[in-house]
Amino acid sequence: MPSAHDRGGLPSREPIDQTSHEWADWEHLVNAMMGVLRRHGLINVDELRRGIEAMTPAEYESSSYYERWSASIEHILVEKGVLSTEEITAATREIDAEWG
Amino acid sequence: MSDDHTHPGLQHDVPLPGRAKRAVAIHRLLVSKSIVGPDEVRETIDRAGRRTPADGARVVARAWTDPAFKTRLMDDPRSAVFELGYRLSRDAGLAVVENTDRVHHLVVCTLCSCYPTAMLGQPPDWYKSFAYRQRAVVEPRAVMREFGLHLDEDVAVRVVDSTADLRYLVLPRRPNGSEGMPEAELAELVTRDSMIGVGQARNPA
């Protein structure tokens, strides 16, 4: 069975939704952060894709485009030992506390 | 907040999805550990916003008016667009496919969302949608009809599937009645959708 990212030819009768959403600031952030990480040699495009493709089908299909990127960036940075899951979780809690 | 400039993506008043918050947290950590500079992400956002389909349109209009340029564009897109001041990232190749009255190309990325952003800016949401990625390779004519493009049955359709290593730019057909128009006006006829293949260039007014 193909992985969840391999969409070509999967049956669909869904019309193409041609509306575009305005990017939220965090989506700009994720897109740009990936570019910065790439330039620093910390994550390349193939690694980004590997992280996305490693998501379970349920996770992949329920996530928005940049949620997938966020998941992959975290996966690869943790795998490389650049950051740890624990410190990302702690920093996320700080943000929660600051923002309420 | 005092450090807003270092953390674009903060929207205190809007509830963020968990993955969004974790991305903001990752950015905060990368900056606090000096792994990335405090302004790098902001600068990258600003730079990305400057790329639009008008860039691709300039390339197409030049190809329509300058046959020697068109030949170079088809043979070696990277060098040809560099002549117009566009420097493509070394990570990904660019291929230009030409639409004619005999053959029409439609671009998709079934695996993700690969797209010639250096020429067209960010892809539209529908390009990343499951419906487009799934259907474009199975029923391209039906997909194109949804975009209002009705091709004659005797026009062959070729669907090209992008990868992280190779992205496609469609060179649309030059519209009838555009003979003698200056390059800058021609560029205004070139739509984003015509460079993806879900549309044609506009007819001159």
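In what follows, chains are A, B, ... by sequence order, proteins preceding strands, each numbered from 1. Here the structure is a predicted model, which means the values were calculated and not measured.
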Checklist entry - Is there a side-chain contact between A/R7 and B/L111 (heavy atoms, below 4.5 Å)? => result no
Checklist entry - B/V137 versus chain A, heavy atoms under 4.5 Å apart: side chain, backbone, both or neither? => result side chain
Checklist outcome for this item: In terms of heavy-atom contacts, A/E67 and B/P17 come closest through OE2-CB, 3.0 Å
Checklist outcome for this item: Scored by heavy-atom pairs under 4.5 Å with chain B, the best of A/V30, A/I73, A/T89, A/D46 is A/T89
Item to check | Heavy atoms of other groups near B/N176 CG, more than 12 under 6.0 Å | outcome: no
Item to check | Atom of B/A131, atom of A/I16 and distance for their closest heavy-atom approach | outcome: C-CD1, 3.8 Å
Item to check | Part of A/R93 lying under 4.5 Å from any heavy atom of chain B | outcome: neither
Checklist entry - For A/N44, is it the side chain, the backbone, both, or neither that has a heavy atom closer than 4.5 Å to a heavy atom of chain B? => result neither
Checklist outcome for this item: Most contact-rich option vs chain A, by heavy-atom pairs under 4.5 angstrom, among B/C109, B/S113, B/A48, B/C114, is B/S113
Next on the checklist: Rounded at 0.5 Å granularity, tell me how far OG in A/S20 sits from CD in B/Q122.
Outcome noted: 11.5 Å
Item to check | Residue selection (most heavy-atom pairs with chain B, distance under 4.5 Å) from A/R68, A/E27, A/M34, A/E94 | outcome: A/R68
Next on the checklist: Check whether B/D125 reaches the backbone of A/H21 with its side chain - one donor and one acceptor, N or O, closer than 3.5 Å.
Outcome noted: yes
Checklist entry - Quick one: what part of A/L83 sits under 4.5 Å from any heavy atom of chain B, side chain, backbone, both or neither? => result side chain
Checklist entry - At a heavy-atom separation under 4.5 Å, does A/L77 approach chain B through its side chain, its backbone, both, or neither? => result side chain
Next on the checklist: I'd like to know whether A/W26 forms a side chain to side chain contact (heavy atoms under 4.5 Å, CB included) with B/K21, so could you lay out the CA-CA distance, the side-chain angles of the two residues, the decisive distance to 0.1 Å, and finally the verdict.
Outcome noted: CA-CA 8 Å; A/W26 74 268; B/K21 261 186 223 166; over 6 Å; no
Checklist entry - Is the backbone of A/H5 close enough, under 3.5 Å, to the side chain of B/R133 for a donor and an acceptor to pair up by distance? => result yes
Next on the checklist: Using the rule given for side chain to side chain contact (heavy atoms under 4.5 Å, CB included), can you reason through B/E40 versus A/H40, listing the C-alpha separation, both sets of side-chain angles and the distance that settles it, and then say yes or no?
Outcome noted: CA-CA 11 Å; B/E40 278 187 89; A/H40 281 276; 2.8 Å; yes
Next on the checklist: Would B/L30 and A/L37 count as a side chain to side chain contact (heavy atoms under 4.5 Å, CB included) here? Give the steps.
Outcome noted: CA-CA 10 Å; B/L30 291 170; A/L37 290 167; 3.8 Å; yes
Checklist entry - Given a strict heavy-atom distance threshold of 4.5 Å, which part of B/Y127 is in contact with chain A: side chain, backbone, both, or neither? => result neither
Item to check | Engaged part of A/D17 at the chain B interface, taking heavy atoms whose separation is under 4.5 Å | outcome: backbone
Next on the checklist: Give me the atom names and distance for the closest heavy-atom approach of B/V41 to A/A32.
Outcome noted: O-CB, 3.6 Å
Checklist entry - Between B/C112, B/A20, B/G18, which residue shows the highest count of heavy-atom pairs closer than 4.5 Å to chain A? => result B/A20
Next on the checklist: Does any backbone or side-chain atom of A/S72 lie under 4.5 Å from a heavy atom of chain B? Answer side chain, backbone, both or neither.
Outcome noted: neither
Checklist entry - With a 4.5 angstrom heavy-atom cut-off, which part of B/E43 approaches chain A: side chain, backbone, both or neither? => result neither
Next on the checklist: Is it the case that over 12 heavy atoms from other parts of the model lie below 6.0 angstrom from the CZ atom of B/F130?
Outcome noted: yes
Next on the checklist: Does this structure show an ion pair linking A/E98 with B/R28, if we count only N-O contacts that are shorter than 4.0 Å?
Outcome noted: yes
Checklist entry - Charged N to carboxylate O under 4.0 angstrom, B/E139 versus A/R13? => result no
Item to check | Residue, of B/E146, B/R22, B/R47, B/K33, that accumulates the most heavy atom pairs under 4.5 Å with chain A | outcome: B/R22
Item to check | Charged N-O contact under 4.0 Å between B/R19 and A/E59 | outcome: yes
Checklist outcome for this item: Looking only at heavy atoms, the pair that brings B/W126 and A/Q18 closest together is CD1-CA, 3.9 Å
Checklist outcome for this item: Max heavy-atom pairs within cutoff under 4.5 Å with chain A, candidates B/I35, B/V138, B/I26, goes to B/I26
Next on the checklist: For A/E61, which atoms come within 4.5 Å of any heavy atom of chain B: side chain, backbone, both, or neither?
Outcome noted: both
Next on the checklist: Quick one, B/Q134 with A/E14, criterion side chain to side chain contact (heavy atoms under 4.5 Å, CB included). Give me CA distance, side-chain angles, the key distance, then yes/no.
Outcome noted: CA-CA 10 Å; B/Q134 291 174 205; A/E14 203 188 322; over 6 Å; no
Checklist entry - Hey, does B/T44 have a side-chain heavy atom less than 4.5 Å from the side chain of A/R39? => result yes
Checklist entry - A/S63 versus chain B, heavy atoms under 4.5 Å apart: side chain, backbone, both or neither? => result neither
